[in-house]
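Take a look at the structure set out below.
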Amino acid sequence: MKEAEKMITALVDVREDFPILKRQINGHRLVYLDSAATSQKPKSVIDRITKYYETSNANVLRSVHTLAEEATEQFEESRKKIAGFIHARYPQEIIFTRGTTESLNVIARAWGDKFLKAGDEIVLSPVEHHSNLIPWQQLAERVGAHLRFIDLERDGTITVDAASARINSKTKIVALSAVSNVLGTINPIADIAILAHEVGAIIVVDGAQSVPHQITDVQKLGIDFLAFSGHKMLGPTGIGVLWGRNELLNALDPVIFGGEMIEYVDRENATWAELPAKLEGGTPNIVGAIGLGEATDYLEKIGMPRIEKHVQALTEDAYRRLSSIPDVTVYGPSSPHTGVVSFNIAGVHPHDVAQVLDSQGIAIRAGHHCAQPLMQWLDVIATARASFYLYNSSIDVDSLVDAIKLTRRYFKNGP
Ligand code: PMP
């Protein structure tokens with residue numbers, strides 16, 4: 001615990017870098033515990049966006065004037081930074097999208113429609129966010145494939161053995177989140193990737209909750225596609241990434257047709273540009289990509305190993321302390337457990353919990369967290385969820401725990 005305590009306080013000073021955290025909410029210091037929904041942004045990212053618009057704004061990849069060249073250079077520089085951040089082999093493996101949802105939809109359309117056929121199987125888990133479920137449901141319906149779900153342990157973890165029991169010669173796609181946005185579980189992606197490849201399937205990883213918090217090395221993980229969102233890792237909204245192995249991306253046909261993504265067009269036909277342009281039809285979110293590049297600089301400056309340890313220590317501390325409050329049920333394993341703590345207070349609707357906490361300046365999420373099949377598995381209609389990032393500290397966990405005790409007393413005994 002000593003080591004964990006050290007880590008918990010180690011990053012407190014970064015709070016100063018996040019202007020919004022100076023706000024008072026309902027007369028209290030803002031305690032932002034909703035980073036799994038979207039993270040706050042450091043001043044360096046906010047300033048970078050302003051600087052781009054004030055000094056270099058132009059469209060990319062089109063004109064040869066100075067501003068257009070500057071904009072293109074900065075846009076492509078960001079692609080290189082993001083490739084480095086996830087240890088991709090080539091910058092052109094980074095395809096800019098609007099976020100995780102769009103990335104997963106593109107994979108399902110572009111890879112799934114081309115390579116899946118009737119009777120093939122797609123292996124998922126019951127924990128998945130709707131973004132990593134519905135595109136596969138739709139794909140299965142279009143081509144006549146079947147979804148297969150890995151059995152969860154009682155605490156919601158996914159084991160390699162359970163994955164192995166679902167993966168067979170009919171499996172063509174395994175699609176899993178690396179970290180659950182409800183249970184905080186960390187899935188054994190590298191081992192499951194080996195199982196997928198043994199039967200000739202591909203593995204698609206939803207990295208929405210893992211890329212912001214852990215070192216991501218797509219080569220070491222041995223995965224085929226990765227989807228993640230900029231806004232959950234200190235970047236702007238509306239920008240995300242689809243990463244794929246070069247040879248897989250090369251095999252895809254575009255799903256968005258129009259400007260920027262062509263090589264040659266005549267009245268009847270068109271041919272496609274090289275990667276990454278082939279998969280980035282239309283004017284991209286230029287400033288979003290540049291802001292995300294700046295966010296990766298900031299994360300690397302603080303250090304991903306430090307962030308990973310800090311967030312996991314805070315999350316496990318919150319898990320332990322909330323579990324010890326009577327009437328409180330906390331979901332998922334106690335350890336390892338990262339990023340989010342989902343819980344319920346017996347007899348109190350999570351929306352009411354969130355409302356009482358808001359009155360104390362504490363922002364949490366309440367609802368099904370876009371994971372309704374998981375709510376069905378947990379046999380609840382919703383949960384409250386506190387989520388943590390590098391700017392949170394043990395002081396925030398103290399505030400959360402005190403407010404939960406207050407909420408419980410309030411609903412049990414009245415005001
Ligand atoms: N997958 C997971 C695990 C998530 O937590 C989220 C965001 N809540 C998404 C996918 C979807 O991300 P976005 O809305 O940024 O596309």
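Start at 1 and go down the list; that is how both ligands and their atoms are numbered. Treat the numbers as computed from the prediction; the structure is a model and nothing was measured.
- Annotation: salt bridge (Lys or Arg N to Asp or Glu O under 4.0 Å) contacts involving residues 337-364, sequence neighbours excluded, are absent.
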Please tabulate, one line per pair, the protein N or O atoms found under 3.5 Å from any N or O atom of ligand 1, giving the distance to one decimal.
unit_1, atom_1, unit_2, atom_2, d
ligand 1, 1 (N), D206, OD1, 3.3
ligand 1, 1 (N), D206, OD2, 2.6
ligand 1, 5 (O), Q209, NE2, 2.6
ligand 1, 8 (N), H129, NE2, 3.2
ligand 1, 8 (N), K232, NZ, 2.9
ligand 1, 15 (O), S229, OG, 2.7
ligand 1, 15 (O), H231, NE2, 2.7
ligand 1, 16 (O), T100, N, 3.4
ligand 1, 16 (O), T101, N, 2.9
ligand 1, 16 (O), T101, OG1, 2.5

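- Each salt bridge (Lys or Arg N to Asp or Glu O under 4.0 Å) pair with one or both residues in residues 364-388, not counting sequence neighbours, appears once here: D34-R385.
- Two residues are said to be in side-chain contact when any heavy atoms from C-beta on lie closer than 4.5 Å; H337 and Q312 fail this criterion.
- Y52 pairs by the ring-ring contact (aromatic ring centres under 6.0 Å, His included) definition with nothing, not counting sequence neighbours.
- When atom types are taken as modelled, the side chain of H197 and the backbone of L195 share no donor-acceptor pair closer than 3.5 angstrom.
- F257 and W272 have tilted rings, their planes meeting at an angle from 30° to 60° on a 0 to 90° scale.
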